[in-house]
There are 2 protein chains.
Amino acid sequence: MAQIAERAGVALSTVSYVLSGKRSVSQQMRERVLAAIEELDYRPHGAARALASGASHTIALFLPSPQWHLVPIQQTFIAGATQATSASDYALLLSTAATDPEAITQLVAQGRADGVILMETLHDDPRVERLRSAGYPFSLIGRTNDLTGISFVDMDFGGAIETSLAQLARLGHTCVALFNFAPELLTAGYTAALIARDVFETRAPELGIRPIHVTSSQAPRDAFAAASRLLSSEPECTAAITTGWQFTGLLGALRAADLRVPDEFSVVSVIAAEFAEMLTPALTGVDWPAFEAGRLAAEMLIDKLTGKETAPRQHLVAAELVVRESTGPAPRAKRSTTKRQRRRAAFLGAR
Amino acid sequence: MAQIAERAGVALSTVSYVLSGKRSVSQQMRERVLAAIEELDYRPHGAARALASGASHTIALFLPSPQWHLVPIQQTFIAGATQATSASDYALLLSTAATDPEAITQLVAQGRADGVILMETLHDDPRVERLRSAGYPFSLIGRTNDLTGISFVDMDFGGAIETSLAQLARLGHTCVALFNFAPELLTAGYTAALIARDVFETRAPELGIRPIHVTSSQAPRDAFAAASRLLSSEPECTAAITTGWQFTGLLGALRAADLRVPDEFSVVSVIAAEFAEMLTPALTGVDWPAFEAGRLAAEMLIDKLTGKETAPRQHLVAAELVVRESTGPAPRAKRSTTKRQRRRAAFLGAR
DNA sequence: CAGAGTTGTCGAAGCGCTTCGCGTAGAACG
DNA sequence: CGTTCTACGCGAAGCGCTTCGACAACTCTG
């Protein structure tokens with residue numbers, strides 16, 4: 001920078017002001033400085049800038065968990081956030097250890113990041129508490145209990161459950177299961193899981209549907225087991241809604257039980273994505289604009305950092321239920337006494 | 001830091017040496033300093049450290065393209081790299097604009113990152129050239145033409161194609177199609193695509209297989225169209241290998257043509273992942289240890305940065321072909337004259 | 001026991017930028 | 001025409017660390 005100043009015949013500070021635009025500089029000076037910058041192929045040093053200005057021009061995004069195989073929707077959040085960040089000339093720092101509030105504030109305390117984006121929020125999230133009390137800027141992809149003063153973008157899973165239920169009710173189903181997230185997540189207070197359960201259990205009866213709440217991890221094995229249990233113990237249940245990839249195991253169990261989809265059993269996934277089309281039958285479900293959501297979360301945070309936005313922005317993203325091939329009218333006959341049912345029972349017994 | 005020094009009754013520099021361990025400090029001093037650090041809850045400032053030491057303790061990872069919906073294997077690379085980075089107390093900077101060599105070197109030139117990880121490398125990659133000539137440390141997930149002095153980790157796609165071909169040959173198939181990456185990627189010189197083509201075309205004849213090279217993007221629509229064309233023009237072709245998600249469109253086209261998998265047509269995907277199990281029929285294919293690969297790429301770069309490793313490390317990761325349900329013996333009868341064939345022709349004509 | 005080497009500590013000079021306060025000159029004002 | 005503004009440019013003081021050279025106090029050597 002000193003070289004630039006010398007070459008342009010101006011003071012060091014003038015170069016800085018040309019670059020930052022924080023004070024007015026005469027046209028003449030500006031041009032000379034810019035010319036010198038061009039000639040010397042100068043690039044400002046990020047760390048020096050961060051040190052002097054106190055802002056790193058970086059935001060941190062925490063992955064849910066170190067080893068976690070991210071589900072596609074979360075990966076898309078990240079891609080969206082990355083894009084927004086790059087577009088605003090910020091950098092995006094990726095970090096694991098999402099569950100440790102200490103590690104999260106540390107990044108900001110160390111001046112490595114100016115703000116934080118959190119994913120996978122809990123209903124009562126210590127990380128949010130920590131960030132709030134430390135006064136660090138942040139935004140959420142997800143929601144928490146107390147949303148005052150918080151900027152977030154979240155998918156309206158509750159609404160999606162409701163729409164799914166309504167669709168199934170319209171098709172004549174009177175007993176529907178919800179394959180909610182893993183029980184650990186529920187007890188941990190994972191907001192999306194809580195909302196799913198609450199909406200499901202309050203809304204189903206109003207639609208004349210008996211709700212059966214099942215929890216299962218998204219691992220095919222777990223969901224398969226849970227689904228198998230459900231199918232044998234609840235013969236009246238003719239449809240299921242999954243909150244995620246539980247549909248994999250569910251479809252497997254249905255196949256094993258020799259139940260055809262959608263003729264004998266309907267399946268809806270609240271998180272489907274492009275994926276859904278590939279399955280046979282193509283999966284009815286909700287496609288979320290996850291890329292947009294990630295972008296939004298990053299933009300909200302950056303706006304907060306640059307002082308553009310002071311009021312918190314709260315986005316609840318809605319999405320349409322895309323009816324594909326895995327849902328159909330409720331079957332007339334009950335499953336309980338058919339030959340198929342007996343076959344299935346035998347199969348399950350043998351396992 | 002000055003406060004720490006004062007509280008511990010030592011010089012500023014001593015505190016620094018305690019922290020960095022770059023000079024020996026007496027046990028007594030060290031304890032006093034550490035105690036003071038503890039009491040004051042001090043954390044070193046990243047930017048200041050970066051400025052003074054000239055190293056940002058950060059590595060940059062470039063996403064293939066800003067808007068790209070990452071395919072799962074790439075997302076898993078990122079997760080793995082993130083994990084390794086966090087574990088080594090480095091930070092991982094995510095950035096788009098992967099195709100612009102200028103943007104890539106800029107991050108290092110600005111001191112925001114000490115090194116770079118590149119994905120989706122081309123056979124003749126200007127970004128690699130640039131990084132090499134600028135003398136910036138980097139590692140690759142992928143390969144390039146000239147590998148001298150380069151650290152990389154790559155999946156052995158060539159080997160996977162070979163294994164897949166061998167498997168199909170064993171099953172009696174004598175005419176196999178390869179659904180390679182999109183033609184743009186091939187002309188751009190995307191290494192994986194080139195290798196796939198070369199191995200396919202040289203190896204197939206040796207196994208008594210007539211190779212048909214097809215290029216298609218991974219979008220279901222494109223692959224569907226390409227597959228439909230193939231099925232009608234090449235009745236002898238009884239199996240296909242896909243390099244990615246082209247199997248989606250392929251399976252769709254097979255269904256539309258009323259061809260059963262695997263009885264009448266076999267499908268192998270060279271990139272399958274957990275995904276494969278969910279499909280009906282479950283997809284035969286190769287599962288790659290992508291998380292490990294990402295981790296490795298990051299570790300290699302960090303070792304290079306910390307001076308632990310001087311010699312470049314080159315890993316070609318092999319993986320097994322997992323035979324699931326989508327491959328079977330070559331059908332006895334030719335497709336050309338069956339009733340089904342005529343039906344299919346009618347269907348394709350109507351589209 | 002002098003000279004050489006070792007170990008532990010300190011002070012100070014940066015790293016490359018931002019930003020504050022001051023100074024100067026011309027414009028605007030009464 | 002003197003006075004107050006405004007616009008613009010300059011110098012210098014940091015930002016919070018790292019690191020180098022100097023130095024003091026020892027411990028070895030022969």
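Throughout, a chain's letter reflects where its sequence line sits, starting with A, and its residues are numbered from 1. Quick note: numbers below take in every heavy atom, side chains included, and nothing from hydrogens, waters or symmetry partners.
Under 3.5 Å, the side chain of A:Ser13 and the base of D:dG11 form at least one donor-acceptor pair of N or O atoms.
Closest to the side chain of A:Ser53, out of D:dG9, C:dT18, C:dC17, is C:dT18. Between C:dT19, C:dG16, D:dT19, one nucleotide has an atom nearer to the side chain of A:Ser16 than all others, and that is C:dT19. The A:His45 side chain lies nearest to C:dG16 when the options are C:dG16, C:dT9, D:dA7.
In this structure, CD of B:Gln27 is placed 15 Å from C1' of C:dT7, rounded to the nearest angstrom. We find that CG of A:Leu51 is positioned 12 Å from C1' of C:dG14, with the value rounded to whole Å. Rounded to whole angstrom, the span from the CZ atom of A:Arg32 across to the C1' atom of D:dG9 amounts to 11 Å. Separating the CE atom of A:Met29 from the P atom of D:dA7 is a distance of 17 Å, rounded to the nearest angstrom. In this structure, B:His57 atom NE2 and D:dC17 atom P are separated by 15 Å, rounded to whole Å. D:dC10 atom P lies 13 Å from atom CD of A:Glu6, rounded to whole Å. If you take CE of B:Met1 and P of C:dA12, they are 16 Å apart, rounded to a whole angstrom. Per the geometry, CG belonging to A:Leu12 stands 14 Å off C1' belonging to C:dG14, to the nearest Å.
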Could you go through nucleotides 21-25 of chain D and list every protein N or O atom that sits under 3.5 Å from one of its N or O atoms, giving the distance for each pair?
from	atom 1	to	atom 2	distance (Å)
D:dG21	N7	B:Arg23	NH2	3.3
D:dG21	O6	B:Arg23	NH1	2.4
D:dG21	O6	B:Arg23	NH2	3.2

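Place B:Ala52 and A:Ser20 on DNA chain C by their nearest nucleotides, and B:Ala52 ends up nearer the 5' end. Each of A:Ala11 and B:Tyr42 has a nearest nucleotide on DNA chain D; the 5'-most of these lies closest to A:Ala11.
Within 6.0 Å of atom CD in B:Glu39, more than 12 heavy atoms from other residues, nucleotides or ligands are found, so the atom counts as buried in its surroundings.
Residue contacts shown for B:Arg30 are absent, as no nucleic acid heavy atom lies under 4.0 Å away.
Side-chain atoms of B:Arg127 and B:Thr121 form no donor-acceptor pair, as typed in the model, at a separation below 3.5 Å. No side-chain donor from either of A:Asp125 and A:Thr144 sits under 3.5 Å from a side-chain acceptor of the other.
Side chain of A:Ser86 to main chain of B:Ser95: no donor-acceptor pair is present (N/O by atom type, distance under 3.5 Å, no hydrogens or angles). Put simply, the side chain of A:Ser139 never gets that close to the backbone of A:Met300: no donor and acceptor are under 3.5 Å apart. B:Thr105 places a side-chain N or O within donor-acceptor distance of the main-chain N or O of B:Glu102, the cut-off being under 3.5 Å.
Look at A:Ser26 and you won't find any side-chain N or O under 4.0 angstrom from OP1 or OP2 of D:dA7. Not one side-chain nitrogen or oxygen of B:Lys22 sits closer than 4.0 Å to the OP1 or OP2 atom of D:dT18. Regarding contacts with the backbone of D:dT18, a side-chain N or O of B:Arg49 is found under 4.0 angstrom from either OP1 or OP2.
Using a 4.5 Å heavy-atom threshold, the side chains of A:Phe152 and A:Leu147 count as touching.
Taking the six-membered ring for Trp and thresholds of 30 and 60 degrees, A:Tyr190 and A:Phe181 have ring planes more than 60 degrees apart, a perpendicular arrangement.
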